[in-house]
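Data first, discussion second: the structure below is written as structure tokens.
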2 protein chains.
Amino acid sequence: MTIKDIARLSGYSLGTVSRVLNNHPDVSQAARERVMAVVQEQGFEPNTNARHLKLQAQSAIAVLVKGSQNLLFAGILERIQSLLQDSEEEVYVAYLDEDADEVQYAVQLVKLRRPKGFLFLGGDLECFRREFHQITVPCVLLTNDAQSLGFGNLSSFTTDDTAAAGAVIEYLYRHGHRRIGVLGGNLASEQISLKRLRGVQNTMQRLGLPFDARSQHVPCRFSMAEGYAAARRLLEREPELTALFALGDVIALGAMRAIYDLGLRVPEDISIVGYDGINETRFCIPRLTTIRQDAAQLAARGVQTLLQAIHYKHPPVYETIDFALLEHESVGSVEPQ
Amino acid sequence: MTIKDIARLSGYSLGTVSRVLNNHPDVSQAARERVMAVVQEQGFEPNTNARHLKLQAQSAIAVLVKGSQNLLFAGILERIQSLLQDSEEEVYVAYLDEDADEVQYAVQLVKLRRPKGFLFLGGDLECFRREFHQITVPCVLLTNDAQSLGFGNLSSFTTDDTAAAGAVIEYLYRHGHRRIGVLGGNLASEQISLKRLRGVQNTMQRLGLPFDARSQHVPCRFSMAEGYAAARRLLEREPELTALFALGDVIALGAMRAIYDLGLRVPEDISIVGYDGINETRFCIPRLTTIRQDAAQLAARGVQTLLQAIHYKHPPVYETIDFALLEHESVGSVEPQ
DNA sequence: CTGAAAGCGCTTACAG
DNA sequence: CTGAAAGCGCTTACAG
């Protein structure tokens, strides 16, 4: 079943059928009705390959997700899918490893599938700096700030990671904590974790707290298993810590179990704060105090901006999405020494 | 940059370039080398739209995931992605609502994108029975059994849900539990939850335990929030229950928090068993006793079978993948009355 | 082994 | 408002 069959069946020419299908204004009402009737009756769907070939058109919107176990991204992705479905865009999703080079992957994808735009869930600025110039379609980076890169086709929406991490440290400080350990992140690359760590260091310094990253910080990937191991290592090595800041909720969830297995209690013996605000934090015992990133907002602004940039040329936008510190049950007060 | 440019640059004709690109045997070594050199030098990638149009070819393998919050599926999906990446297949992933009609979606996708095969993560047999005849490409259904449907192009790999649910009830019985509540699932449609529920009922009957689904079972979707609400409702209504069986781990995680909020302890006051064996069950407090579905095995056999069916015609296979009851910390013993 | 040519299914100036 | 025709980039019988 092709457009040719529809033409024959409807008594109109190829061209007219195509125009009806594409909602061209210059078609008579009669032709429109007749053709649509045949299309309906036959359940005809135009061949996308031919259409794209002719239009030199790009196909779907590609979403590159860094880290398949990242539950924050899962939540954002769910909303993106639903928003793009509403606007009838095709979506192509790929999961990459947490430490993969997402821009390199995107460059490959451009050659292979010609997506009309990219949505990056997570991204390493270093990769963008190195290879992003090869990409010319509109792109949006979520949960990291692309302003410093200055690419004309790359917008970004992110939480202010440095401020949020600072807010966590201040919050712990107000509750009397002076010896705070930090879990997670990767110092080798310019990922979001670096900014959070910078927020920690700045704020510690401002509050006059000593912070020796070598002893008080254990890097790890964003998983419960690594959070568990990192917390154990840190607490065994530095038993005088009264609070932990995990740079991701999943790390915190693993850490909470590690604390329990060390015979300690949250928050009586050790306080802990997470980052992201995923669902799980509202159901674990105790509920996890955490920084909530606004997944709905990130998804909505990201999709909206990408679609606009695809349809009309727009300068890039860089927006900061508000975060909130959700005070749950995992932080206790201690007497500052 | 098209094949025409490569022809010009290499001094060979269009046809020869195409033959080189497609690894046809009837090309001289000289032509092959010269053409490949130019292709390399120019970084040429053939246009997929044109190629597919000409070949009438299907494109990617489509993976339809039922329920974006399903962490078991997330684990299976991660493995599928990596396996298909190794075999250089393109993957198209779509998340559907837990209660969506996945077969209807697949039928749409066939018209739109002509995938060369489908991998269904979760599926409602009723939908398959009604509409699957419209799909002719090879398909694999994971976590449900398609044998009873008898479609020649639909294989399936699943845990024996009825047996696994039965094993849970027996396990609780051996620990003295006689009054057992069940959380989750949807009785309206022929989803996997129905089989688990049947396993519960059969085994209860065999053990001589009364089971009144109307009072002892609260259906809910597979999320922590719904698990929380369902558990609260059930325990407030039936305070004499000593154990809960949640038909999914996420439901169990929500339920554990509900139990805590009711002032009860797991497993001292209430025992609870989950289903799926997701990562979280190894880190929550207490660790959740659960049925482990073998995600690695499901993914591996599913992908392998689908690829074979795509490349050579094969009769469908229906396999049962072994489950395991992971005895963790959420079940206690009680004195049977 | 290679080139010239047809055709996959569609869109869109160009005429009328 | 409509039809005839060119052409998007590729593959593959068909000749030679």
How long is the gap from CZ on A:R19 to CG on A:D26, to the nearest 0.5 Å?
8.0 Å
Are the side chain of A:S10 and the backbone of A:V35 linked by a donor-acceptor contact shorter than 3.5 Å?
no
Taken to the nearest 0.5 Å, the spacing of B:I6 CD1 from B:T16 OG1 works out to 13.5 Å
Its contact letters, B for base, S for sugar-phosphate only and - for none at protein heavy atoms under 4.0 Å, make nucleotides 9-16 of chain D read BBBBB---
On a heavy-atom basis, which atom in A:I61 and which in A:K116 lie closest, and how many Å separate them?
CG1-CG, 3.9 Å
Exam field: side chain A:N22 to backbone A:H24, donor-acceptor pair closer than 3.5 Å:
no
Distance check, C1' atoms only: D:dG16 and D:dT12, in whole angstrom units.
16 Å
Kindly express the pairing pattern of DNA chain C in dot-bracket notation, using | wherever a base pairs with another strand and counting only Watson-Crick or G-U pairs under 3.5 Å.
|||.||||||||.|||
For the pair B:E102 (side chain) and B:D124 (backbone), establish whether a donor and an acceptor sit closer than 3.5 Å, ignoring hydrogens and angles.
yes
Within the 3.5 Å criterion, strictly below it, is a donor on B:Q308 or B:Q304 matched to an acceptor on the partner's side chain?
no
Gap between atoms OH and P, on B:Y12 and C:dT2 respectively (whole Å):
5 Å
About how many Å separate OH of A:Y105 and CG of A:L64, when rounded to the nearest 0.5 Å?
7.0 Å
Lys/Arg-Asp/Glu bridge criterion (N-O < 4.0 Å) met for A:K66, A:E98
no
Residues within residues 31-39 of chain A bordering DNA chain D, heavy-atom distance below 4.0 Å:
A:A31
State yes or no: are the ring centers of A:F128 and A:F120 separated by less than 6.0 Å?
yes
